[in-house]
Amino acid sequence: MLKSEITLYVNGEPRQVYVRHTDTLLHTLRENLGLTGAKPGCLNGDCGACTIDIDEEPIKSCLTLSVESTDKKITTVEGLQNAQIQKEFIKKFAFQCGYCTPGFIMNCNALINKYPDADDAKIKDWLESNICRCTGYAEIEEAIKAVLTKNQQGLSS
Amino acid sequence: MISYDFEYHKPTSISEATHLYQSLQSQGKKPMYYCGGTEILTLGRVNRIVTGAIIDIKGILDCNVLKLEENLLIMGVANTLTKLNETNYFPLLSKTIIEIADHTARNKITLGGNICANIFYREAVLPLLLTDSQVVIASPNGVKVSFIHEVFHQTLNLNDGEFLVQVKTDNSYFKMPYVSVKRRRQWDIGYPLITVAAIKNDNEIRVAFSGLCSFPFRSQQIEQSLNNRQISRQSRIDQVINDIPAPILDDVHGSAEYRLFVLKYTLNNVLDALEGERHA
Amino acid sequence: MMSIGKSIYRKEALEKVTGTAKYAGDFSKAEVLHGRLVVSSYAHAKIKSIDTTAAWTVQGIRAIVLGQSFPLTGEEIKDRPPLAFDKVRYYGEPVAVVVADNETIAKRAAELIQITYEALPVVNSPREAITSGAPLVHENLIFYEKIQHVYPEPNTNIADRTKIRKGDMVKGWSESEVSVEASFSFSPSDHTAMETRCVTAEINRDGKLVFSSATQSPYMIKKLMNDYFGLEPGKVVVRTPVVGGGYGGKVAVQLELIAYMATQAVGGRTVKIMNTREEDMISSPVHIGLDATIKLGCTKDGRLKAAEILYLFDSGAYSDKGATIGRAAAVTCTGPYFIENITCDSLCVYTNHPYATAFRGFSHSEVLFAFERTMDMLAKKIDIDPMQLREINAILPGQTTPTQMLLNNSTVGSLPDCIQRLKQLMNWNEGQRIQVSDHLVRAKGISCIWKTSTIDTEASSGVNLLFNIDGTVNIISGIVEIGTGTKTILAQLLAEKMKMDIHQIHVKMDVDTETTPEHWKTVASRGTLLAGRALLKAADDAMSQLKDIASRVLICSPDDLEVGYGKVFVKDEPTTYLYIKDICYGYKYPNGYSIGGQVIGTGNYMLRHLTHLDHETGVGKPGPEWTVGAQGVEVEFNTQDYTYKIIKAYSVIDIGKVLNQKAALGQVMGAMSMGLSFAGRETYVFDDEGRVLNPRLRTYVPMRYGEHPQYMIHFNETTHVDGPYGARGIGEHGLIGMPAALANSLSVAAEVDLNQLPLTPELIWKTKESGGTK
């Protein structure tokens, strides 16, 4: 058997899809489900443009098979609802062409949720997984730090 | 995108997995065990890995174990590098694997996948070589435990149908002084120019390398030379270089000559860390 | 100011952060066929045979298109078959395209195509290319069609030569008391836009060819389809949604030609071709490489007297934009200094490397790397502060450029002011090299910059303004939103001009050549000048129509009226007014009579008085104005292992007028990052057979988060009279001094002349080992 019907839990909804076993999750999200927020950039796990969150962890959807993602909670950029990080990306001019943005945002989103007190080293460790070719990265640094700071202030008050 | 097709199987027990392998093999499907899958997907895309069936071993409980049992740390191969790093039972392993690929990729790359990789860096194996770890290997005939030195020579030598289930490391090693240094061409992520990991057991330094030759290794001869405190540190390092067991890599990350230069000062750094700054 | 200078968020911001912005590859329809390239595994080889038998056995194959002898394509010299014919000239060159029902089938079949090659000797660098007896990349150069102003040299590998002959070299050298000469080199590299190039093409039943393309030059595609294939311009439509980064790489028209051949082969059905990353890196055109030799002479007190320059640009297998790049390099062959006596030969040279196209800065970062390194070497030789050497020679209004264009207060910004400011920002007086600890030094290096745009003398832009019934305005411009935010700038210009709230202005982001007025190409930092001026003219046009209608209702002269705040009002008596929303579709009197009609503002702009360069001397006016600036880099360098960290990067740029503060900072920061990445780490690695060994982002590693320096940016504002509100071009300038500044800082740090790129620890080690460069 080389193809199967499977159920993926994407952005809070069960979605039935018919996939080749070799299909990557990136392919299925884009081609079967029309969720084109995750971008193909290298299909080799190098650029991070296809990053989505699976069970709250950032994952490169080009390095993941659809068939191995069935019992997991998948969140794509389309599943974010007005997240702080999205607002800060706008305010801090943290993108230009926007192609790497969904991947960056999903990585930031997972980081913010998992480590609301992330320090510089942690932020670097996570965000060096994505390439942005337009900004100087300083803008992205400002954006994520703005959210982290806000959250920390929220926690302490 | 992979242009050929494969079947996907996800067994829940070791015996189911090995039997599946046998049956798929007999059907001519050239099955492969699949764990994190990052390499099968990236090399599959360029047809450097071709298979008709993959057997995902992430559903097997034994492969997901991560616990300290008496003095042995048992690490199932399906643990991701991120998980191993976060739990940080084994500091040298954490230090070494946190430099592999990038963080998001490490959420998918598994211990087993890195050890058994085609891409020859296999840096996760360095700490295991240094700590005389044991490997648990499953085959259709059952499960056997060996010391890593018995089965890992450049690569993990598995027979057809076998797969790596767990790695076991004696926790007495975890308290020993260690150092793990990764040098890259010019950046902070991805493949090494060279990686050197070392621990100090009593007074003996053990050292293992990746990126220096076309396979990772630990060498008795090198360790003898390195620990020969009768001669100057410089001579010890020169001797180590003479003992390198295979041609030094010469590729896009750096020339062989440059690797040698980097190796020399990296060994100095290692000795500084484990023996203290040089005074002699 | 209502809007100018404010950090207005980009108009498409929400779409981009929510992932709903659609790029060329995001549109999909079930009936679309997929094209997959088959590319060359040799850098130079004769194609002996192509066997498609096995590929045809794959179910779902619709066509296999191979190269043909005609047409040959190329923007200046027609030297390139869209698919290789007879021989391949670079590793990765497209040889065939397979069209199939889906991507998987197309890939599967493409892998089954068997090509037999006969290897030919390889030309692996520009210096090699111009030696006598070098293999010829193009044996038939003499027969190729070409434009008038390009000068290929038959039976050589020289595709074009631009000559600058200014002043009297004999005099120049006799007045020079000191001279230095040095050679520089770097290989081709990549743009690495995160979106790989992507195009779909279809031919409708009525013969209309419709492209959807990730391109910086939709209108050029239309023009070239006419030029290359003789298609009626009215029957070619190019649609371009937002584009995921260009940096010059999407100026080239390449995949579109292949997609056209593919759709033709399947009866006009839609064919989509999206580059893989590997194809995008080497099969599609790349960032040019350079070999250079510069000899500079000056007086003992540092006044430049003579410059003798040879630039050999590695255009790769085809000349497409390489010739234009070589010409732009000649125009700016020195740094931004006044030198009376200059001779420069700037050559576009064929090699068996991937072919070149525009790269952000269009030859300037490349040339400045060589020239500004030479400046530092000269400063060292005469023992003068490198900053001071630049101050002494900084170009000023009243002086002439290498092409002998006389500058004035508008056409050039103030370089001395930029240098002064940089000096303060960098705390230059503390010294260029400071020992921090045993093995750590901090070192600083600088580069001055200048750039004009050598663009087509007839380049123009048009803008339409349409009103909505609520008085809001839609801007329609042919600028492609490649990330520069120019369309948001247009909205700001309009808000300023019509004294409107920016939120009352809508911008059509995508371009459709059938309905959108042409903007030449989204390149050369010229969007704001060309489209901005067109927009201001369109606004004038709309405002005069509004005033005309209002004057009839208010019974006054249009001259007495002013437009602003959503109204047309009497200047002298602002309480007498009409809302724009009540007149932008004509005015209706209470009895039903109506006058006016819908207001459509149109405007265009074309650059004035640009000329071609004289072939013998280079004399001419190639661009409208010069943006100048001074940049610096501060590194922390380890003298033991030659690794370094870029601590700070500085830019002081005379921007004319800041139109959007944060957007301008972003443009400069991003460009600086790209320049540092190019200088410090990016290159293709070629083997002896001319094959690229690292066509992947795992081995070709652009700068990542956390490796970025602290950016220190300052803008000066010397008005460019022709620019909208005085603005100058800024999209590229942050990049162009970075390679030189980094090389200068590291040369100081390592105490050795570093004259190659990229500046890796290995290069520094090797240069130190070999006792320095020649």
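A note on names: the letters A, B, ... follow the listed sequences, proteins ahead of strands, and every chain is numbered from 1.
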Participant: Are any non-hydrogen side-chain atoms of C47(A) and R277(C) less than 4.5 angstrom apart?
Facilitator: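 They are not in side-chain contact.
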Participant: Please classify the contact between M194(C) and chain A as side chain, backbone, both or neither, with a heavy-atom cut-off of under 4.5 Å.
Facilitator: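 Both parts, heavy atoms under 4.5 Å.
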Participant: Report the option among E78(A), K91(A), E31(A) that has the most heavy-atom pairs separated by less than 4.5 Å from atoms of chain C.
Facilitator: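 The residue among E78(A), K91(A), E31(A) with the greatest pair count is K91(A).
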Participant: Using a cut-off of under 4.5 Å for heavy-atom pairs, which of G666(C), A671(C), S677(C), A649(C) has the most such pairs with chain A?
Facilitator: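 Max contact count across the listed options: G666(C).
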Participant: About how many Å separate SG of C97(A) and OH of Y247(C), when rounded to the nearest 0.5 Å?
Facilitator: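 Taking OH in Y247(C) and SG in C97(A), the distance rounds to 4.5 Å.
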Participant: Taking the side chain as every heavy atom from C-beta outward, state whether D26(C) and K39(A) have any atom pair closer than 4.5 Å.
Facilitator: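 Touching, per the 4.5 Å side-chain cut-off.
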Participant: Could you look at L43(A) and say if it's the side chain, the backbone, both or neither that has a heavy atom under 4.5 Å from chain C?
Facilitator: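 It is neither, since no heavy atom gets under 4.5 Å.
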Participant: Would you confirm whether Y137(A), through its side chain, and M703(C), through its main-chain N or O, come within 3.5 Å as a donor-acceptor pair?
Facilitator: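 Between the backbone of M703(C) and the side chain of Y137(A) there is a qualifying donor-acceptor contact (under 3.5 Å).
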Participant: Examine distances only and state if a side-chain atom of R133(A) and a backbone atom of H191(C) form a donor-acceptor pair shorter than 3.5 Å.
Facilitator: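 Pair found, side chain donor or acceptor close to backbone of H191(C).
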Participant: Less than 4.5 Å to any heavy atom of chain C: does that hold for the side chain of N130(A), its backbone, both, or neither?
Facilitator: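 Backbone only.
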Participant: If you count heavy-atom pairs within less than 4.5 Å of chain C, which of G98(A), G34(A), G37(A) leads?
Facilitator: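 Max contact count across the listed options: G98(A).
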Participant: Under a 4.5 Å cut-off applied to non-hydrogen side-chain atoms, are Y705(C) and S129(A) in contact?
Facilitator: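 Not in contact.
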Participant: Quick one: what part of I123(A) sits under 4.5 Å from any heavy atom of chain C, side chain, backbone, both or neither?
Facilitator: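 I123(A) touches chain C through backbone and side-chain heavy atoms alike.
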Participant: Any side-chain heavy-atom pair from K16(C) and I90(A) closer than 4.5 angstrom?
Facilitator: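 No, too far: nothing below the 4.5 Å cut-off.
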